[in-house]
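Since the structure comes first, as structure tokens, the remarks are kept for the end.
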2 protein chains.
Amino acid sequence: MDNNSLFQKFVAFTTSVHQITSEISKDVKSESLTPLQYKILEYIAVSQPVTLSEISDCMHMSMPNTSRELKKLGEKQLCDKITDPADRRKQGITLSAAGEAMMNEAFQHIAIQFAERMGSVTDEERKEIERALDLLQQKVFY
Amino acid sequence: MDNNSLFQKFVAFTTSVHQITSEISKDVKSESLTPLQYKILEYIAVSQPVTLSEISDCMHMSMPNTSRELKKLGEKQLCDKITDPADRRKQGITLSAAGEAMMNEAFQHIAIQFAERMGSVTDEERKEIERALDLLQQKVFY
DNA sequence: CGATTTACTTATCAAATGATAATTAAAGAG
DNA sequence: CTCTTTAATTATCATTTGATAAGTAAATCG
């Protein structure tokens with residue numbers, strides 16, 4: 001059962017990834033944002049412009065709940081909705097300037113934590129790590 | 001800024017890991033268990049025996065809330081508490097037989113999903129993947 | 001055109017989770 | 001033996017999140 005030992009490693013690995021990412025982005029959550037709202041902003045940031053339905057699908061939440069949270073984000077001036085001229089039922093959602101600023105700051109903060117963690121890594125190791133990330137992303141986490 | 005491109009990869013990678021693990025373990029959640037309760041059981045499963053304080057620390061939840069959830073898990077007969085004879089304030093928490101059974105089934109299910117995903121991977125690739133997992137766990141997600 | 005479907009909204013309710021204060025019992029310090 | 005600290009519990013409340021029913025407006029179908 002070689003496959004089984006690989007699975008063990010997979011489980012241990014994903015557990016570590018969850019733990020480390022949560023640690024790294026622990027105090028990123030701007031007050032005034034719930035965890036869910038932060039995650040939605042994160043998703044918008046990397047996928048914008050995006051529709052409500054897409055958010056609903058990708059984040060596994062119902063349309064009504066998605067609508068509610070997005071309304072709150074809109075009220076907080078963190079994202080903009082633009083009605084799609086080609087299909088006026090759809091709304092293209094993007095980060096507002098304030099939203100971009102907030103997310104930039106958040107990513108900045110995460111980047112610093114990451115840099116600290118990577119601190120004493122040689123160039124050679126850095127390349128190895130990069131190759132390993134590519135490999136796993138391609139063969140396992142696609 | 002070579003470090004920056006590595007960071008980009010890191011973010012993309014961790015996002016993928018979260019997405020794939022959530023997909024793989026999507027319908028594992030036994031009804032009658034809340035997500036939090038499932039995560040706690042998962043933690044107990046890999047770290048048992050464990051104290052309440054440890055769960056509280058590692059899962060970033062307050063003692064009262066930890067106590068509440070553990071009480072529920074106890075009522076559901078999924079875990080046992082054994083008072084530490086050396087320090088009778090502490091409780092060693094383990095999975096009950098039923099808890100073990102449930103978690104075995106859950107892991108089994110995840111293992112199958114994983115095997116499907118790994119399906120057409122050669123022995124050589126498998127070894128590369130294993131090395132990549134080891135490397136990243138050691139240098140990044142420690 | 002009328003009927004149906006799609007994208008989204010509003011309202012409401014229930015459950016899950018987070019936060020705090022107060023309490024108990026055991027252990028450790030002086 | 002007191003005093004303090006530690007581990008855990010109980011009770012309570014607020015907030016967050018999930019689920020469902022019903023409604024609106026635009027698009028599409030026939």
Side-chain angles (χ1 to χ4, degrees), chain A residues 18 22-23 25-44 47-76 78-94, chain B residues 18 22-23 25-44 47-76 78-94:
Chain A
H18 279 93
S22 108
E23 205 170 294
S25 54
K26 187 156 58 171
D27 27 49
V28 164
K29 49 175 184 202
S30 156
E31 65 297 346
S32 86
L33 274 192
T34 70
L36 218 210
Q37 284 164 9
Y38 176 77
K39 278 182 200 155
I40 293 175
L41 281 187
E42 221 174 45
Y43 176 70
I44 298 174
S47 312
Q48 69 192 144
V50 86
T51 69
L52 250 140
S53 308
E54 286 168 333
I55 298 178
S56 171
D57 280 356
C58 295
M59 308 209 46
H60 309 107
M61 47 193 294
S62 71
M63 278 294 285
N65 292 337
T66 308
S67 178
R68 174 185 57 197
E69 295 310 318
L70 237 69
K71 189 182 173 195
K72 289 181 191 167
L73 290 172
E75 283 162 358
K76 289 172 184 174
L78 294 171
C79 61
D80 299 324
K81 306 180 187 182
I82 300 166
T83 306
D84 180 347
D87 183 341
R88 303 219 309 285
R89 290 170 304 180
K90 295 184 182 173
Q91 310 226 349
I93 295 157
T94 57
Chain B
H18 279 94
S22 109
E23 206 171 293
S25 55
K26 187 156 56 173
D27 28 50
V28 163
K29 50 178 182 198
S30 155
E31 65 297 347
S32 86
L33 274 192
T34 70
L36 219 210
Q37 284 164 9
Y38 175 76
K39 277 183 201 156
I40 294 175
L41 281 187
E42 220 173 47
Y43 176 70
I44 298 175
S47 313
Q48 69 193 147
V50 86
T51 69
L52 250 140
S53 308
E54 286 168 334
I55 297 178
S56 171
D57 280 356
C58 296
M59 308 209 45
H60 309 108
M61 47 194 294
S62 70
M63 279 293 284
N65 292 337
T66 308
S67 179
R68 174 184 59 197
E69 296 309 318
L70 237 71
K71 189 181 174 193
K72 289 180 191 166
L73 289 173
E75 282 162 359
K76 289 173 184 172
L78 293 171
C79 62
D80 299 324
K81 307 180 186 183
I82 300 165
T83 305
D84 180 347
D87 182 341
R88 303 220 308 285
R89 290 169 304 179
K90 294 185 183 173
Q91 309 227 352
I93 295 158
T94 56

Separation of [N] [atom2] from [X] [atom1] (nearest whole Å):
| X | N | atom1 | atom2 | value |
| --- | --- | --- | --- | --- |
| B:Arg68 | D:dC13 | CZ | P | 14 Å |
| A:Asp57 | C:dC8 | CG | P | 10 Å |
| B:Ile40 | C:dT17 | CD1 | P | 8 Å |
| B:Leu33 | C:dA15 | CG | C1' | 15 Å |
| B:Ile93 | D:dT9 | CD1 | C1' | 12 Å |
| B:Glu54 | D:dT6 | CD | P | 16 Å |
| B:His60 | C:dA19 | NE2 | P | 12 Å |
| B:Glu69 | D:dA8 | CD | P | 16 Å |

| said: Using the side-chain heavy atoms of A:Pro64, tell me which of these nucleotides is nearest: C:dA7, D:dT20, D:dT16. | reply: D:dT20
| message | Quick check for you: among C:dG18, C:dC8, D:dT9, whose closest atom lies nearest to any side-chain atom of B:Leu36? | response |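 Looking only at side-chain atoms, B:Leu36 lies closest to C:dG18.
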Can you check whether [X] has a side-chain N or O nearer than 4.0 Å to OP1 or OP2 of [N]?
| X | N | answer |
| --- | --- | --- |
| A:Arg88 | D:dA27 | yes |
| B:Arg89 | C:dA26 | no |
| B:Ser62 | C:dT20 | no |

| said: Judged by each residue's nearest nucleotide on DNA chain D, which is more toward the 5′ side, A:Thr34 or B:Lys90? | reply: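 Looking at the nearest nucleotide for each, B:Lys90 comes out on the 5' side.
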| message | Let me spell it out: for each of A:Asn65 and A:Ala86, pick the nucleotide of DNA chain D with the closest heavy atom. Which residue's pick is nearer the 5' end? | response | A:Asn65
| query | Would a 4.5 Å heavy-atom cut-off, applied to side chains only, mark A:Ser22 and B:His60 as touching? | reply | yes
| Going by heavy atoms in the side chains, are A:Met59 and A:Thr66 under 4.5 Å from each other? |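 Heavy-atom side-chain distance check fails, nothing below 4.5 Å.
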| More than 12 heavy atoms from other groups under 6.0 Å of NZ on A:Lys76 |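 Counting neighbours around NZ of A:Lys76, more than 12 heavy atoms of other residues, nucleotides or ligands fall under 6.0 Å, so yes.
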| Does a side-chain N-to-carboxylate-O contact under 4.0 Å join B:Lys72 and B:Glu69? |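 Yes, this pair counts.
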Contact class for [X] vs. all strands (heavy atom < 4.0 Å): base, sugar-phosphate, or nothing?
| X | answer |
| --- | --- |
| B:Asp87 | sugar-phosphate |
| A:Pro35 | sugar-phosphate |
| B:Lys81 | sugar-phosphate |
| A:Thr51 | sugar-phosphate |

| query | So B:Ile44 and B:Leu78, side-chain contact (heavy atoms from CB on, under 4.5 Å) or not? Walk me through it. | reply | CA-CA 11 Å; B:Ile44 298 175; B:Leu78 293 171; over 6 Å; no
| message | Assuming nearest nucleotide by heavy-atom distance, tell me which of A:Ser53 and B:Met61 is located more 5' along DNA chain C. | response | A:Ser53
